[in-house]
Amino acid sequence: MIPEPESQPSYPAIPIRPLTGSEDFAGVGDSRSTVLDYWRWANSDLIGNVSRGVLAEYLVALAVGATSSPRDPWAAYDVVDPNGITIEVKSAAYLQAWDQRALSKITFLVKPTASPVVVLGETPVVSRRSHVWVFALLHHTDQETLDPLDLTQWTFWVVPTPWLDARERSQHSIGLLSLKASPFGAPVTFGALASTITSVARSES
């Protein structure tokens with residue numbers, strides 16, 4: 001008699017619970033430490049590449065009204081607007097957190113990727129999945145007045161994913177000159193970002 005296979009435990013995705021910052025760490029002792037203290041310690045640098053990239057995603061989510069749920073780093077898309085438009089966000093800046101001899105050359109990575117969620121038994125599909133891509137440039141070039149929280153220091157470009165897929169050269173990045181020369185090369189401010197995302201997405205639907 002063939003024995004029945006033992007059932008495997010199931011561990012579904014853990015939902016992200018929005019925090020307020022006032023939550024306490026347990027077991028700290030006499031001193032008190034909150035989630036806000038942790039955020040200050042971990043995320044006060046908004047200029048470094050990693051944190052600036054997350055900030056850029058937040059700005060796009062803020063523009064389209066998609067901040068009611070916390071960021072999910074394992075989601076298939078960086079941002080999904082209330083109308084279902086899926087958005088990939090990439091950021092760049094002239095000024096970096098480290099010592100520089102010159103301002104950085106602006107390029108954005110556009111390499112197709114596999115979904116961050118792997119389904120057992122399925123071969124990951126490498127592609128560009130979102131409807132549109134938003135390229136966010138922190139364009140300010142004066143260190144003394146650089147402020148990533150000042151939205152006038154940001155410029156945005158919105159391009160449809162099919163345009164990236166159809167480029168003659170299968171590149172993994174796009175430079176600022178190529179972006180400006182594209183049919184979608186007109187930069188927009190934060191205030192015009194939401195309407196531009198909707199317009200560009202509709203143009204390719």
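Keep in mind that the numbers below use all heavy atoms, side chains included, and drop hydrogens, waters and symmetry copies.
Atom CZ of Phe25 has more than 12 neighbouring heavy atoms from other residues, nucleotides or ligands inside a 6.0 Å radius. For Leu177, the CG atom sits in a loose shell: 12 or fewer heavy atoms of surrounding residues, nucleotides or ligands are nearer than 6.0 Å.
Using the six-membered ring where Trp is involved, Phe190 and Phe156 have ring planes that are tilted, between 30° and 60° apart. Trp163 and Phe184 have perpendicular rings, their planes meeting at more than 60° on a 0 to 90° scale where under 30° would count as parallel.
Comment: Arg71 engages Glu57 in a salt bridge, judged by a side-chain N to carboxylate O separation of less than 4.0 angstrom.
Of all the heavy atoms in Tyr94 and His140, the pair that sits closest is CB-O, 4.3 Å. Pairing each heavy atom of Val79 with each of Ala61, the nearest pair is CG1-CA, 3.9 Å. Here the shortest heavy-atom pairing between Pro82 and Gly65 reads CG-O, 3.5 Å. Phe108 and Leu179 get closest at one heavy-atom pair: CE1-CD2, 4.1 Å. Between Leu164 and Arg128, the shortest heavy-atom contact is O-NH1, 3.8 Å. Listed here is the closest heavy atom pair of Asp78 and Val89: OD2-N, 2.8 Å.
Side-chain N or O atoms of Gln100 include one that pairs as donor or acceptor with a backbone N or O of Ala102 at under 3.5 Å. A donor-acceptor pair is defined here as one N or O able to donate and one able to accept, closer than 3.5 Å; such a pair exists between the side chain of Ser51 and the backbone of Asp45. In this structure a side-chain-to-backbone donor-acceptor pair under 3.5 Å is present from Arg129 to Thr113. Between the side chain of Asp81 and the backbone N or O of Asn83, at least one donor-acceptor pair lies under 3.5 Å. Side-chain atoms of Ser44 come within 3.5 Å of backbone atoms of Arg40 as a donor-acceptor pair (strictly under, hydrogens ignored). Judged purely by atom type and a 3.5 angstrom limit, Ser199 has no side-chain atom pairing as donor or acceptor with the backbone of Thr196. With hydrogens and angles ignored, the 3.5 Å screen pairs no side-chain donor or acceptor of His131 with any backbone N or O of Ile197. A donor-acceptor contact shorter than 3.5 Å links the side chain of Trp157 to the backbone of Gly185.
A 4.5 Å side-chain heavy-atom check between Arg167 and Ile174 finds at least one atom pair inside the cut-off. Proximity of Val35 to Ser22: side-chain heavy atoms (C-beta onward) are nowhere separated by under 4.5 Å. Here the side chains of Gln153 and Asp147 are in contact, with some heavy-atom distance below 4.5 Å. Side-chain contact between Val159 and Val132 is absent, with no heavy atoms from C-beta onward closer than 4.5 Å. The shortest distance between side-chain heavy atoms of Val60 and Ile87 falls below 4.5 Å. A 4.5 Å side-chain heavy-atom check between Asp24 and Arg32 finds at least one atom pair inside the cut-off.
Between the CG atom in Leu36 and the CH2 atom in Trp41 there is a gap of 14.5 Å [rounded to 0.5 Å]. In this structure, OG1 on Thr145 lies 9.0 Å from CG on Asp150, to the nearest 0.5 angstrom. Annotation: the span from Phe135 atom CZ to Ser91 atom OG amounts to 11.0 Å, rounded to 0.5 Å. To the nearest 0.5 Å, the span separating NE2 on His139 from CH2 on Trp154 amounts to 10.5 Å.
Residues Leu55 and Val50 do not share a hydrophobic cluster, defined by chaining ILVMFWY side chains whose heavy atoms lie under 4.5 Å apart. In terms of hydrophobic clustering, with Ile, Leu, Val, Met, Phe, Trp and Tyr side chains grouped at heavy-atom distances under 4.5 Å, Val64 and Tyr77 are assigned to different clusters. Hydrophobic clustering (side-chain heavy atoms under 4.5 Å, transitive across Ile, Leu, Val, Met, Phe, Trp, Tyr) keeps Trp39 apart from Leu46. Taking hydrophobic clusters as Ile, Leu, Val, Met, Phe, Trp and Tyr residues chained together by side-chain heavy-atom distances below 4.5 Å, Val80 does not share a cluster with Leu62. By the criterion of side-chain heavy atoms lying less than 4.5 angstrom apart, applied directly or through intervening Ile, Leu, Val, Met, Phe, Trp or Tyr residues, Leu138 is grouped together with Leu103 in one hydrophobic cluster.
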Item to complete: In sequence, state the C-alpha distance, the side-chain angles, and the governing distance for Gln143 and Leu95, and then conclude on side-chain contact (heavy atoms from CB on, under 4.5 Å).
Response: CA-CA 7 Å; Gln143 281 188 323; Leu95 292 172; 3.9 Å; yes

Fill in: Trace of the side-chain contact (heavy atoms from CB on, under 4.5 Å) decision for Trp74 with Ile16
CA-CA 11 Å; Trp74 295 104; Ile16 299 175; over 6 Å; no

Discussion item. Quick one, Leu151 with Thr189, criterion side-chain contact (heavy atoms from CB on, under 4.5 Å). Give me CA distance, side-chain angles, the key distance, then yes/no.
Written reply: CA-CA 8 Å; Leu151 298 185; Thr189 63; over 6 Å; no

